[in-house]
Amino acid sequence: MRYFNQLEPDALIGRFAACPPIGFRVEEVAGTPTFVAPFDLLTTADDTLRKRVAAAPGYRYWGRLLRWRTAFVGTTVSEYVLFPRSADATALPRDLVARLGAAQRLLIVKDIPQASPLLSEADNQWCASFAQACAEAGCLLLEGQALAYVTIDFASEDEYLARLSSSRRKDIRRKLRKRDEVAVEVVPCGDARFADEAVIDAFYALYENVYAQSEIHFDKLSREFFAAVLRDAANGGVAFVYRHQDAMIGWNLCFAVDGKLIDKYVGFAYPQAREQNLYFTSWFHNLAWAREQGLTHYVAGWTDPEIKSYLGAQFTLTRHAVYLRNPLLRALARRLGKYFESDSQWAPPTVSKTDE
C-alpha cells in the first residue's frame with residue numbers, strides 16, 4: 001500500500017483527487033492527501049446539542065455562521081487518514097498546522113486510527129506517535145467515529161447468528177425472509193454494461209436517494225466519480241446489484257483488498273429497499289461473500305452504528321486532531337469537546353502502548 005493506514009485500493013484514492021466531491025478543493029500537502037470544504041460545526045455534535053442549537057431563536061438566519069471553510073487532512077474515500085510511508089510522525093503535525101492551520105480558521109485531521117485491529121502494528125504505532133505530536137502542536141484530540149467491522153471467523157450464517165441474542169436472531173430471521181424475493185447479481189467494476197450512460201445514470205440516481213435521506217450532508221460524490229470507478233476494471237471493485245420483480249432496487253459497491261471486504265457505497269430505491277429489508281439482506285450477503293472468498297474481515301464503514309451493532313458488528317474508534325487558528329476559540333473547544341464525541345459509546349477507549 002502507498003500510505004500508512006490504507007485499506008482501499010490505490011485506484012480509489014486516486015479517484016478522490018481526480019474527481020473530488022462537489023465543492024471540495026483537493027491537494028497533496030507534505031505528501032499527504034488533504035482537502036478544503038464547507039463544514040457545519042455541528043456535523044459531529046451529539047444529537048442533544050445539535051437539536052438545542054437548531055431550535056434556538058433565529059437559527060435559520062444566523063446558523064450559516066456555523067458553516068466554515070475548513071482544511072481537512074485525509075480523504076472521504078478512505079476509512080482512515082492517509083500518510084506517506086516516508087513521513088516523520090513527530091514532525092508532520094507541525095508542518096500541517098503551519099501550512100494548513102494558518103490558511104483556514106479550522107483544521108481537522110480526520111480519522112486517526114487507535115490501535116485498529118484492521119491495521120498492522122507498525123501503522124498503529126506510527127499513528128499513536130503522530131497523535132501525540134498533534135497534541136504537542138496545539139491540536140485538540142477528540143474521539144472520532146466508530147468504524148464497524150466483522151471478523152470472518154464463523155463457518156456459516158447460523159453460527160454467526162448464534163452469537164446474537166435470541167430476540168435479535170428471531171427478528172433478523174424474520175426480516176431475511178424477504179431476501180427470497182430479491183435477486184442478487186455480482187458485477188465487477190469494468191464490466192461492459194458500465195459503458196452505457198443509462199446504467200451510470202441509474203446507479204447515480206440510487207446513490208442520490210441515499211444521500212438525500214441522510215441526516216448529515218457533507219461530501220456529495222459526483223456522477224463523474226462513480227462513472228470512473230465503475231468503469232475501472234483494475235481497481236478490484238465489485239457491485240452487488242439487487243433486483244425485485246426485475247427492477248434494480250439497490251446496489252452496493254465493495255472492494256476486496258488484502259483479505260478484507262471494504263464496503264464503500266450504496267444506492268437504494270425507496271420505498272422498495274425498505275419494503276424488502278434490503279439493508280439486512282445486503283449485510284448477510286456481504287458476510288457470505290466474504291466468507292466464500294476466504295477473507296478475514298468485512299469492514300462496514302462509519303455510518304449507522306446502531307443498526308450495525310444490532311447486526312453483530314464490532315467497532316474500532318478513531319481520533320480527530322482539531323486545530324483552531326483563533327486561540328480563544330481553541331480554549332473554548334477544549335471545554336466543549338465532549339459534546340463532539342458521540343460515537344465513543346460504540347467501542348471502549350483504546351490505550352496504545354505510547355499512552356501507557
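Numbering of residues begins at 1 and proceeds along the displayed sequence.
A donor-acceptor pair is defined here as one N or O able to donate and one able to accept, closer than 3.5 Å; no such pair exists between the side chain of Gln104 and the backbone of Leu106. For Asn124 (side chain) and Ser116 (main-chain N/O), a donor-acceptor pair under 3.5 Å exists by modelled atom type. Judged by distance alone, the side chain of Asn277 and the main-chain N or O of Lys175 form a donor-acceptor pair under 3.5 Å. No side-chain donor-acceptor contact under 3.5 Å links Thr32 to the backbone of Phe83. A donor-acceptor distance shorter than 3.5 angstrom exists from the side chain of Ser282 to the backbone of Leu278, with no hydrogens or angles considered. Between the side chain of Arg231 and the backbone N or O of Phe194 there is at least one donor-acceptor pair closer than 3.5 Å. In this structure, Asn235 contributes its side chain and Val229 its backbone to a donor-acceptor pair below 3.5 Å. Of the possible donor and acceptor atoms, one in the side chain of Asn5 sits under 3.5 Å from a partner among the backbone N and O of Val81. Remark: side-chain polar atoms of Gln114 are paired, donor with acceptor, to backbone N or O of Thr318 under 3.5 angstrom. At least one donor-acceptor pair under 3.5 Å links the side chain of Lys110 to the backbone N or O of Thr75.
Considering only heavy atoms from C-beta on, Gln276 comes within 4.5 Å of His244 through its side chain.
Proximity of the aromatic rings of Tyr160 and Phe284 is defined here by a centroid distance below 6.0 angstrom, and this criterion is met. Checked against the 6.0 Å centroid threshold, Phe218 and Phe24 count as a close aromatic pair.
Ion pairing between a basic and an acidic side chain is recognised when a charged N comes within 4.0 Å of a carboxylate O; Glu208 and Lys220 show such pairing. Contact check on Arg193 versus Glu185 returns a salt bridge, with a Lys/Arg side-chain nitrogen under 4.0 Å from an Asp/Glu carboxylate oxygen. Salt bridge annotation for Glu79-Lys264: present, with a cationic side-chain nitrogen under 4.0 angstrom from a carboxylate oxygen. A salt bridge is absent between Lys308 and Asp263; no separation between the charged side-chain nitrogens and carboxylate oxygens falls under 4.0 Å. One finds no salt bridge joining Arg177 and Glu181 here, because no Lys/Arg side-chain nitrogen approaches an Asp/Glu carboxylate oxygen to under 4.0 Å. The pair Arg169-Glu157 does not count as a salt bridge, with every side-chain nitrogen at least 4.0 angstrom from each carboxylate oxygen. With respect to Arg85 and Asp123, a salt bridge is recorded, a charged nitrogen being found less than 4.0 Å from a carboxylate O.
The aromatic rings of Phe39 and Phe72 sit perpendicular, their planes meeting at an angle over 60°, well past the 30° parallel limit. Between Phe4 and Trp126, the ring planes are parallel. Angles under 30° get that label, and only those over 60° would be called perpendicular. Ring orientation note: the planes of Tyr207 and Tyr211 are tilted relative to one another, at an angle of 30° to 60°.
Of the inter-residue distances, the one linking Glu159 atom CD with Asp153 atom CG reads 7.5 Å to the nearest 0.5 angstrom.
A side-chain donor from one of Gln125 and Glu121 sits under 3.5 Å from a side-chain acceptor of the other.
When Phe225, Phe226, Phe268, Trp251 are each tested for a ring pair (Phe, Tyr, Trp, His ring centres under 6.0 Å) with Phe203, only one passes: Trp251.
Note on Val36 and Tyr323: separate hydrophobic clusters, where clusters join Ile, Leu, Val, Met, Phe, Trp and Tyr whose side-chain heavy atoms are under 4.5 Å apart, directly or indirectly.
Contact detail for Leu317 and Gly144: the closest heavy-atom pair is CD2-O, 4.0 Å.
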